**Q** 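Here it is, the structure in full.
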Amino acid sequence: MNCINNCQACSNLVASTNVAVSGSVLQVTIPTMTINDNQKICLLIAQDIPTGAGVLPINIINGSNTLTLINKCGKPVYADQIRKRRIYVLRANTATPSATVKTNNLCPTAFVPPQLTGAAA
């Protein structure tokens, strides 16, 4: 697909239909569509982010399929990194169902990754 630089007229623009906390993830629901490997998706977050979402990882729900949202480094994108009414350019990976955020408009996260400590031998 060719893309026009203005995402408002882009054929890849997909607006979320629901944003909700479900268990231990933030689910961003999009209209059911066929997603191909390496497909560009311009995701518009159209709803408010729930206040209790905090640092939950994000999943994109496409019908019965779930894509994990990850950043360029391969780490999860957390709920406190996205905002309503912003467009995030994604690349789909269908081999390991995920979508990588290709834009640099993610906010800093408050998530503190755990430390791995080995036991003394």
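Everything numeric here is computed off the predicted structure, so don't read it as measured data.
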**Q** Quick one: does any side-chain atom of N36 pair with a main-chain N or O of Q39 as donor and acceptor, under 3.5 Å?
**A** no
**Q** Scan for ring-ring contact (aromatic ring centres under 6.0 Å, His included) pairs involving residues 25-73, sequence neighbours excluded, and state none if there are none.
**A** none
**Q** Kindly state each residue pair satisfying ring-ring contact (aromatic ring centres under 6.0 Å, His included) with at least one member in residues 96-121, sequence neighbours excluded.
**A** Y78-F111
**Q** Give me the atom names and distance for the closest heavy-atom approach of L67 to S98.
**A** CD2-N, 3.6 Å
**Q** CD1 of I45 to CZ of R85: how many Å apart, nearest 0.5 Å?
**A** 12.5 Å
**Q** Going by heavy atoms in the side chains, are L44 and V14 under 4.5 Å from each other?
**A** no
**Q** Could you check whether T109 and D80, counting side-chain N and O atoms only, form a donor-acceptor pair closer than 3.5 Å?
**A** yes
**Q** Taking D37 for its side chain and T94 for its backbone only, find out whether a donor-acceptor pair lies under 3.5 Å.
**A** yes
**Q** Would you mind writing out the side-chain donor-acceptor pairs for residues 25-35 within the sub-3.5 Å range, not counting sequence neighbours?
**A**
none

**Q** If we only count heavy atoms from C-beta on, is the C42 to I87 side-chain gap below 4.5 Å?
**A** yes
**Q** Does a side-chain heavy-atom distance below 4.5 Å link V89 with K40?
**A** yes
**Q** Keeping the roles fixed (side chain from S16, backbone from A46), state whether a donor-acceptor pair exists under 3.5 Å.
**A** yes
**Q** Test of understanding: with side chain to side chain donor-acceptor pair (under 3.5 Å), list the residues that count as partners of D48, not counting sequence neighbours.
**A** K84
**Q** Using atom types as modelled and distance alone, determine if a side-chain donor or acceptor of Y88 lies under 3.5 Å from a backbone N or O of N104.
**A** no
**Q** Nearest 0.5 Å please: distance from the OG1 atom of T66 over to the CG atom of N59.
**A** 6.0 Å
**Q** Listed by chain and number, what are the side chain to side chain donor-acceptor pair (under 3.5 Å) partners of N38, not counting sequence neighbours?
**A** none
**Q** Testing the basics here: between A79 and I49, what is the closest heavy-atom pair and its distance to 0.1 Å?
**A** O-CG2, 4.2 Å
**Q** Report yes if the side chains of V77 and I82 come closer than 4.5 Å at any heavy-atom pair, otherwise no.
**A** yes
**Q** Sorted by first residue and then second, give each ring-ring contact (aromatic ring centres under 6.0 Å, His included) pair with at least one member in residues 42-69; sequence neighbours left out.
**A** none
**Q** Could you check whether any side-chain N or O of N71 sits under 3.5 Å from a backbone N or O of K75, counting only pairs where one atom can act as donor and the other as acceptor?
**A** yes
**Q** Testing the basics here: between L56 and S24, what is the closest heavy-atom pair and its distance to 0.1 Å?
**A** CD2-O, 3.5 Å
**Q** Quick one: do V19 and L69 end up in the same hydrophobic cluster if we chain Ile, Leu, Val, Met, Phe, Trp and Tyr together by side-chain heavy atoms under 4.5 Å apart?
**A** yes
**Q** Looking only at heavy atoms, what is the nearest atom pair of V55 and A110, with distance?
**A** CG1-C, 3.9 Å
**Q** Between L90 and L13, is there a shared hydrophobic cluster once you connect ILVMFWY residues whose side-chain heavy atoms come closer than 4.5 Å?
**A** no
**Q** Q81 and P76: which non-hydrogen atoms are nearest, and at how many Å?
**A** OE1-O, 4.0 Å
